[in-house]
**Student:** 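Dumping the structure here so I can ask a few things about it.
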Amino acid sequence: MILVKKHKALRCRLLILGLIFVCLANAQVKKGTPKSWTENIQSKRSMSPVVLKGFDLRKIQEEDVVNDLDKSIPWRFGHEIDVDYGLTNSGTWNELPNGKGRIWRVNIVSKGAKTLNFIFDSYDLPKGASIFLYNADKSDLLGAYTDVFNNPEGVLGTWTVEGESVWVEYYEPSNQRGRGKLNIDKVVHGYRSITDAEIEKRLIGFGDSGPCNYDVECPTGEDFDPLKDRLKHSVARVLVGGGICTGTLINNTANDASLYFLTANHCKGADETLWAFRFNWISRKTSCGTEESSENIDENQTTSRAILLASNVESDFKLLKLDGGVEESWDLEWAGWDRREVDPSYTVGIHHPVGDIMKVCRSNSPIGTYRGLIGSLIPDPIDCWVVQRWDFGVTEGGSSGSALFDSEGRIIGQLAGGGADCAGVVNNGASDFYGRFDTSWDFGNTNDSRLSNWLDPLNTGAEILDMLSVEKPGETPLPPKDEVIVFFKSSNSTLNIVNDSNKTLRYTVYNMLGKELNAGQLLKETQEIEVGNVSSGMYFVHIKNVNSNASFTKKVMVNNRL
C-alpha cells in the first residue's frame, strides 16, 4: 500500500532536492536579445570560427532522389554532423562590465549550409542563464532558451537558424558562475532548407514543394472552410533531427488542452526529446495550385522537446506529449476525432509538404480500405484508409504524420505513405495511405500501444469528439499555468507533489498498465507519497481541479535502485 504523508516545506527547498519531472507550462522559446549585442565587451582572445568538415553532398542528394518518392521515410532536409563543442573545450569566455556575469560564444561554420540547427547532449542551465543562436549578419535570431528547458535527460534540440555561419551564445549571471552545463553533440547542416532569403526572391512554389499545392488559406469549399480556419491552428511542422514531418494537436475527452500531438510512427531520427515544433506557419498571400510564390511570416512560434506516450506499427501512429510548453497568444486549436469505421463524403489534409509553409488538399471521392505494405521504413503491413486521388492539392514528403480530416473536421487517420505528387500545377492522380484512427484507438493491451487511454482519460466510451473550440465554445484554454510539480526523491523513496496553484486538487497515481495505485486530495503546499514498495519504472499522476473538473496528467520516473 502506498501511504500519503502530509509535509510542509518551502517551495524553494523542494526545488533544490533535484527534479525528476518538471511541468514546463511556459517553456516555449522566449524572445530576447543576446548580451553581446547590448553590452560593451572587451575581448582578450581571438574569436576564430569552428569550421566543420565537409561531407559527400552529391551522394546524399542521389539518395534523396530515391527516398523522396517514399512517404514512409521522413523528408530529409539536413545532414547530421557529429561534433563535441562545450563550455570547457571550445569557444571563448568574456566578462561583462560591472559584474553582470559572463558570456561564452562559439561561431560554427558549415560551408554551403542554408540553415543550421543544433542538438545538445548536455543541457542544464541555472536560473537566469540563457542561450541565443544567431547568424553572422544578425538577420536571424533564435532564443532565449532558458532553465525552463532543463529536463531529466539533460538534452535539447533547437529550431533552425539561417546561414552557414551561426553563433551560439551562453549567458551566465555572476551569482550562478560555473553552474551551467552545455555541450553540442550534433550540428544539422540544412542543405535544402527553406530560407527567408529564398522567399524574398519569390522563388516558384515558395519552397521545394510542387506548384500544385494549395496554401492553407486557399478556399476548400464553403462546407469546410469554417472548420479549416480553426484546424490550421492545430498543425505543426516538426524537425526530427535532419528530417521533417507534420503533426496535429489532438483533443481528449477531458477537454483540458493537454498537449497531445499525433503524428506517424515512421517519423524517426533523433529521439523525441530532441524534436522541435513550429505552429501557425501560414502564408499571408495565397498560392492556390499555381506557380506564384507564397509569402512568409515573421512570427516564429516554436517550441522544443516531446515525450513519447504511445505508438504502434499496426496503424503507423505516434502520440506525443509536447513538453516544451506553448503560448496562449498562439491561438492554438486541438483537433477532434472519430474512432468509428467511417465513410465520409469527402476528406481533407492539412500539412507541410517538404517542410514548406502550411498547405491543404481535398478529395471528394469515398475513401477505401487497405491492409498491406506501403513503404520501406514500415516493414510490416498496416491498416490504412486510402485516398484514391486528390481533387486539388497533394501531399509530399514532409507531410508524413499529418492528419486526415473527415467532413466534420475530425481526425480519422495520419499520413503513412503513398504516391501522390505534383505533375506541374496539377497532381499526378496517385493514391495516399493513412493509418486508421479506429485501429490506433484500441490496438494492443497496453497504454503505450493505443490511443484510448490518453484521448479518453475519463473513460466515457465516446466514439467521436469535436475540436476543443467546439466542445468548449468561446475558449481554447491552455494547460494550467499554476505551478504543480511532481518529482521522485530517491533519498527516502517518495513521490513528491508540490501544489502551488491555490486550488483544490485531487491526484490519482497509475502504473504503466493503467492500474490505480493511490488517490487523494492535495493540500496547498506539498505531499509525499511513499513508493518504496513499488518497482522502478514509469508512473503517471493524474491531477484534477475539484471545482472545475479540469485535469492533466504528469509522467514521473521512479528509481528505487538508487
Side-chain angles (χ1 to χ4, degrees), residues 27-43 45-52 77-78 81 83 85-87 90-96 100-120 123 125 128-149 156-173 180 182-191 193-200 237 239 274 276-278 281 296-304 324 327 355:
Q28 70 286 342
V29 182
K30 301 287 188 180
K31 294 182 179 179
T33 304
K35 294 290 185 181
S36 66
W37 293 15
T38 58
E39 300 288 347
N40 181 22
I41 299 172
Q42 301 297 325
S43 180
R45 297 177 57 187
S46 63
M47 300 289 290
S48 300
V50 176
V51 180
L52 304 184
F77 76 98
I81 302 172
V83 299
Y85 302 134
L87 301 179
S90 60
T92 301
W93 286 97
N94 292 116
E95 297 291 336
L96 298 179
K100 295 179 180 178
R102 59 178 183 167
I103 63 171
W104 172 85
R105 289 175 292 172
V106 62
N107 179 205
I108 296 177
V109 177
S110 188
K111 296 290 187 181
K114 292 185 175 183
T115 61
L116 297 178
N117 56 291
F118 302 85
I119 293 175
F120 294 87
Y123 183 96
L125 269 58
S130 61
I131 293 175
F132 287 91
L133 298 93
Y134 50 89
N135 55 8
D137 63 5
K138 301 181 180 180
S139 62
D140 194 13
L141 170 66
L142 183 64
Y145 291 92
T146 66
D147 65 297
V148 294
F149 280 100
L156 181 75
T158 76
W159 197 252
T160 57
V161 179
E162 290 188 11
E164 64 177 24
S165 177
V166 173
W167 289 79
V168 179
E169 179 173 323
Y170 167 64
Y171 162 68
E172 192 174 73
L182 197 68
N183 194 78
I184 304 170
D185 178 57
K186 296 181 188 298
V187 178
V188 180
H189 174 116
Y191 59 91
S193 299
I194 298 167
T195 67
D196 288 346
E198 291 175 324
I199 294 164
E200 290 168 2
R237 175 189 176 197
L239 298 189
L274 299 169
F277 307 80
R278 181 177 184 177
W281 195 33
N296 191 29
I297 61 172
D298 296 329
E299 202 157 2
N300 200 3
Q301 298 177 352
T302 64
T303 186
S304 293
E327 187 70 55

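Values below: every heavy atom of this structure, side chains too, minus hydrogens, waters and symmetry copies.
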**Student:** Would you say E164's side chain and G112's backbone share a donor-acceptor pair under 3.5 angstrom?
**Tutor:** yes

**Student:** Search all heavy atoms of G180 against all heavy atoms of L87 and return the closest pair with its distance.
**Tutor:** O-CD1, 3.6 Å

**Student:** Using the test salt bridge (charged side-chain N to carboxylate O under 4.0 Å, His left out), find all partners of K186 that sit at least two apart in sequence or belong to another chain.
**Tutor:** D82

**Student:** My understanding is that only residues two or more places apart in sequence, or in another chain, count here; which of them pass salt bridge (charged side-chain N to carboxylate O under 4.0 Å, His left out) with K100?
**Tutor:** E39

**Student:** How far does CD1 of I131 sit from CH2 of W104, to the nearest 0.5 angstrom?
**Tutor:** 8.0 Å

**Student:** Kindly determine whether F132 and W37 satisfy ring-ring contact (aromatic ring centres under 6.0 Å, His included), including the steps that lead there.
**Tutor:** CA-CA 11 Å; F132 287 91; W37 293 15; 7.8 Å; no

**Student:** Nearest heavy-atom pair of A276 and G157: which atoms, and what distance?
**Tutor:** CB-O, 4.3 Å

**Student:** What residues form a side chain to side chain contact (heavy atoms under 4.5 Å, CB included) with V50, not counting sequence neighbours?
**Tutor:** L52, Y85, V106

**Student:** Hey, what do you get for OG1 (T158) to CZ (F149), rounding to the nearest 0.5 Å?
**Tutor:** 10.5 Å

**Student:** On a heavy-atom basis, which atom in E169 and which in K35 lie closest, and how many Å separate them?
**Tutor:** OE2-N, 3.1 Å

**Student:** Drop me the distance from I81's CD1 to F118's CZ, to the nearest 0.5 angstrom.
**Tutor:** 10.0 Å

**Student:** First locate atom CG of N107, then atom OG of S165, and finally report the distance between them rounded to the nearest 0.5 Å.
**Tutor:** 4.0 Å

**Student:** Nearest 0.5 Å please: distance from the CG atom of L142 over to the OG1 atom of T160.
**Tutor:** 8.0 Å

**Student:** Quick one: closest heavy-atom pair of L116 and S110, and the distance?
**Tutor:** CD2-CB, 3.8 Å

**Student:** Quick one: pull up CZ in R278 and OG in S304 and give me the separation to the nearest 0.5 Å.
**Tutor:** 13.0 Å

**Student:** Apply side chain to side chain contact (heavy atoms under 4.5 Å, CB included) to residues E327 and Q301 and explain how you reach the verdict.
**Tutor:** CA-CA 8 Å; E327 187 70 55; Q301 298 177 352; over 6 Å; no

**Student:** Is a side-chain N or O of N135 found less than 3.5 angstrom from the main chain of D140, in a donor-acceptor match?
**Tutor:** yes

**Student:** What are the two closest non-hydrogen atoms of S36 and Y134, and how far apart are they?
**Tutor:** OG-OH, 3.2 Å

**Student:** I want to check something: taking the side chain as every heavy atom from C-beta on, are V188 and L239 in contact at a cut-off of under 4.5 Å?
**Tutor:** no

**Student:** Which pair of non-hydrogen atoms, one from N94 and one from M47, has the smallest distance, and what is that distance?
**Tutor:** OD1-SD, 4.5 Å

**Student:** Would W159 and L133 satisfy side chain to side chain contact (heavy atoms under 4.5 Å, CB included), going step by step from the backbone distance to the final call?
**Tutor:** CA-CA 10 Å; W159 197 252; L133 298 93; over 6 Å; no

**Student:** Does any part of the side chain of W93, heavy atoms only, come nearer than 4.5 Å to the side chain of Y170, both counted from C-beta?
**Tutor:** yes

